Amino acid sequence: MTDLTEQLTHSLNPPQKEAVLHQDGPLLILAGAGSGKTRVLTHRMANLIASGAAATDEILCVTFTNKAAREMEHRIYKILADLGIPVHSQLWISTFHSFCVRILRQRIELLDYKPFFTIYDPSDQLGQIKKVMTALNINEKAFPAKSFQGRISGAKMSGMSPQDIEKAFGRPIMDPKSLEVYKRYEEEMKKANALDFDDLLLKTWDLFRMYPDVLEQYRQKFRYVMVDEYQDTNRIQYLLVQSLTKEHRNLCVVGDEDQSIYSWRGADIRNILDFEKDFPETKIVKLEENYRSSGNIVRAATSVIRNNSQRKEKTLFTSNSAGDLIRLQEERNEYDEARFVAKAIEEKANSGEGSWNDFAVFYRTNAQSRVLEEQLRTNGIPYKIVGGVRFYERMEIKDILSYMKLSVNPADDMAFKRIINVPARGIGKTTMEKIEALGMERKLTLFQAAETAVNERAFNAGTCGKIRRFLDLMLDLQNAAKQFPIQEFYHIVLDRSEYLKALKAEDNPEAEARIENLEELDNAIEQFAKERGEEAALLGFLEEMALVSDQDSLDEQVNSVTLMTLHISKGLEFPFVFIVGLEENLFPSARSGGFDAESEDDLEEERRLAYVGMTRARRNLYLTYARTRRVWGQEQSNPPSRFLKEIPNDLVDFKSSAQTSGFMARFAGGAYGGASPRAGAGVPRNQSRGDFDDHQDFPDYEDGGGEGFRPGMRVRHPTFGVGSVYSTEGSGDQLKVSVIFADQTIKKFVVKYARLERLS
């Protein structure tokens, strides 16, 4: 072992060291949560460079967020600098989308696009689909545009163009109407010289398929390929990776099938589970030591995830101290739950155990944040939401970015349509519809159609004059975009469009807030220019802004509690974590709550989501649920999440501010001989998911004179079907009965009006 190698690996544990020193041939690194996978990836890349196996630009490393890519790049530069190794060329560390954009900027003319293409976000894409539907006379009320958007995205993630779908044999992949929309959508996107997010990958795949010489150049260039979070790759990403590594087979993938939580956006867990089938000579290294979380958190998360069947054999462990027990809190409703969370955060912060930044609250759905926000505001606790309306999706930001997009790509129809009357220029909806119709008829971009309409005097003199002034403004900005640096150009756009002037004229708090957002955009441009130096081009800025993810927008400098969905939490960590809403039909969601075989995959993914959330916590983990929760204006009661039953008894400190429930009576009595809930009282591990069929698992209210209805009685409701009574309250005309149905939903009925039929 050379001195450089020793210097590189002296701080690594044996499995980490084994992975870092492996060079040629396929390598599968199974990296448990908090096991130092980023450390391994960066040291492995540095070792390939230090050993002379590859130059800095001969290694491709792909990860899933810009934030992770920047962190890896920073670490590798530092490692190489510490080793005294100069870096003469740029590192290729990026997301899949950024990697593909980099290729397409150089090669997309081979696909008959121009290199200054713009990237459509989901709202732009939806607008384009609606435009296509109008042209095809498809009624959006009967055929929602979002349904077409989902089918088109699914096809692209599978690597299928409209032509591929038409050639497919066997079971139809897409219905005829969706295929018609897909084909026309592709035509309009090419006319607009625009790509959507899925196109960035699909067009790169098309490029490789259509031009083998181009693929061969990149194969030879990238002698080593490394892919982070491999369990999250979809079909098209899998194809890209396979095509680049098929010959030299120097592919290293890092991932954890226990953290595969993105099937809803195309991720295929089989990519990592079947890796050895693609590469039989694979070397496997398991990273099982967790350096992040306390011992109790690691044990609890491991006990939950081992109930899944779709996983490889590995066991997470840690040398960290056991730490505090996991707090399991039962509350009456979501408001009490939010009050508990706010109070617990306040007490910890006031005692000096952490700053606001150290606390995170995770939930299954975005809708759950409202009550939490209200309570945090009431308590004066600062917070930030990650994954709400993102900065670059705000109206004023999209307006100005549309001016900038149209300045570099006059064919961008969505940008044209957005700003032709922003700020108001007296160009109305009817005028715009006529321009669109002309564009469709003559196969022109909206910019060209507007020019044609003015030249042919398709409108009265006043309207033609308004359109001409807008076109002249855009021609002026197109020239300015070529002459001025991006910082100056931004201010030229604000000034010549009179957008800022219009906002100032409104003179109200909302307009003031929008002006502040434009100031923040100015700061973002300045930062971009500072980081990129001479390479700070307008097109590059627009490209980066289009590829910003929810995690990339997380400002860690702001001292505030973080609220986010469990899906967004992946890859992050906090000293104190609260996971709220651990109830059946919420988490796991109703989509995976059944017991049929088809839902088993969904249920396992929900369990992986629970595992991800639990393993974000370093010191303290709080799990909460409410006995009742209002959904779509109706109060519902659902039993506690089955995942709670999978946590060993001795790891949980259960507390309840609500009336003791049948489920939690097993903490207090069933498992502990009548003792009160106490530290260490957890859910008995010998209970299976089937226990949820037993009405005693749910709250036992006193029988308020049930008059023929009793807990456990089987009843039939004309709408919801057969269920079991689990509680009654009141009497006479006010008698109410709560019934749990086969889908685990609990409904409360006034017996007088419910038409319940007693079956037993």
Side-chain angles (χ1 to χ4, degrees), residues 19 22-30 41 44-45 47-49 51 53-64 91-104 106-108 110-111 155-161 163-164 167-168 198-255 257 260 266-285 312:
H22 179 275
Q23 290 192 350
D24 294 334
L27 173 65
L28 170 61
I29 303 174
L30 297 174
L41 273 174
R44 184 175 188 274
M45 189 167 182
N47 183 58
L48 289 170
I49 296 168
S51 66
T56 50
D57 62 348
E58 292 179 331
I59 307 169
L60 172 64
C61 184
V62 186
T63 187
F64 272 77
L91 296 172
W92 282 73
I93 305 175
S94 68
T95 64
F96 271 102
H97 290 87
S98 295
F99 165 69
C100 289
V101 168
R102 201 165 166 181
I103 290 176
L104 292 174
Q106 300 171 353
R107 306 281 189 166
I108 201 168
L110 294 173
L111 299 177
K156 290 186 177 185
M157 284 191 290
S158 297
M160 303 197 75
S161 66
Q163 293 71 34
D164 293 326
K167 293 174 185 175
D198 298 313
D199 277 331
L200 300 178
L201 307 183
L202 181 60
K203 299 307 181 192
T204 304
W205 173 237
D206 286 344
L207 187 70
F208 287 172
R209 284 193 296 176
M210 294 171 63
Y211 299 96
D213 289 348
V214 172
L215 172 59
E216 187 59 33
Q217 288 175 22
Y218 285 105
R219 275 182 180 162
Q220 292 182 11
K221 176 178 178 59
F222 299 120
R223 299 175 58 192
Y224 294 89
V225 176
M226 297 195 293
V227 183
D228 190 14
E229 305 286 7
Y230 192 64
Q231 76 282 348
D232 292 332
T233 52
N234 58 29
R235 175 67 179 170
I236 191 69
Q237 290 162 342
Y238 168 86
L239 292 171
L240 287 168
V241 170
Q242 290 286 316
S243 65
L244 287 169
T245 60
K246 190 175 182 180
E247 291 184 0
H248 60 62
R249 305 177 80 77
N250 292 330
L251 172 62
C252 165
V253 301
V254 184
E257 76 286 354
S260 179
D268 190 346
I269 193 172
R270 291 174 301 177
N271 290 349
I272 191 167
L273 292 177
D274 296 343
F275 186 76
E276 300 98 308
K277 293 181 180 178
D278 294 326
F279 298 93
E281 73 275 32
T282 293
K283 180 181 181 62
I284 301 175
V285 177
K312 292 176 177 287

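Since we're looking at a predicted model, the values are computed, not measured.
D24 is linked by a side chain to side chain donor-acceptor pair (under 3.5 Å) to Y224, counting only residues two or more places apart in sequence or in another chain. Listed by chain and number, the residues in a ring pair (Phe, Tyr, Trp, His ring centres under 6.0 Å) with Y238 amount to none (sequence neighbours excluded). Residues passing the side-chain contact (heavy atoms from CB on, under 4.5 Å) test with E281 are P26, R249, F279, sequence neighbours excluded. Looking at residues two or more places apart in sequence or on another chain, you find a salt bridge (Lys or Arg N to Asp or Glu O under 4.0 Å) between D57 and K221. Under the side-chain contact (heavy atoms from CB on, under 4.5 Å) criterion, D198 pairs with S153, K156, M157, D196, sequence neighbours left out. Considering only residues two or more places apart in sequence or on other chains, V101 meets the side-chain contact (heavy atoms from CB on, under 4.5 Å) condition with R105, I119, L200, E543, L547. Applying the salt bridge (Lys or Arg N to Asp or Glu O under 4.0 Å) rule to K312 yields the partners E276; only residues at least two apart in sequence or on another chain are considered. Taking the side chain to side chain donor-acceptor pair (under 3.5 Å) definition, one finds that T282 meets it with nothing, sequence neighbours left out. Residues that satisfy the salt bridge (Lys or Arg N to Asp or Glu O under 4.0 Å) test with R107, not counting sequence neighbours, are absent from this structure. With sequence neighbours excluded, the residues forming a salt bridge (Lys or Arg N to Asp or Glu O under 4.0 Å) with D206 are R209, listed by chain and number. Applying the side-chain contact (heavy atoms from CB on, under 4.5 Å) rule to T95 yields the partners N66, H97, S98; only residues at least two apart in sequence or on another chain are considered.
Each of D199, I236, I103 was compared with T204 under the side chain to side chain contact (heavy atoms under 4.5 Å, CB included) criterion, and only I103 meets it. When each of V254, L30, V227, T233 is checked for a side chain to side chain contact (heavy atoms under 4.5 Å, CB included) with I272, only L30 meets the rule.
Within the structure, salt bridge (Lys or Arg N to Asp or Glu O under 4.0 Å) contacts touching residues 235-247 (residues at least two apart or in different chains) are R219-E247.
Rounded to the nearest 0.5 angstrom, F208 CZ and D213 CG are separated by 12.5 Å. To the nearest 0.5 angstrom, D268 atom CG is 11.0 Å from D232 atom CG.
Remark: the T63 side chain and the E229 side chain contain no N/O donor-acceptor pair separated by less than 3.5 Å.
For the residue pair Y211 and L110, the shortest heavy atom distance occurs at OH-O, 2.8 Å. Across R44 and C252, no two heavy atoms sit closer than the pair NH1-CB, 3.5 Å.
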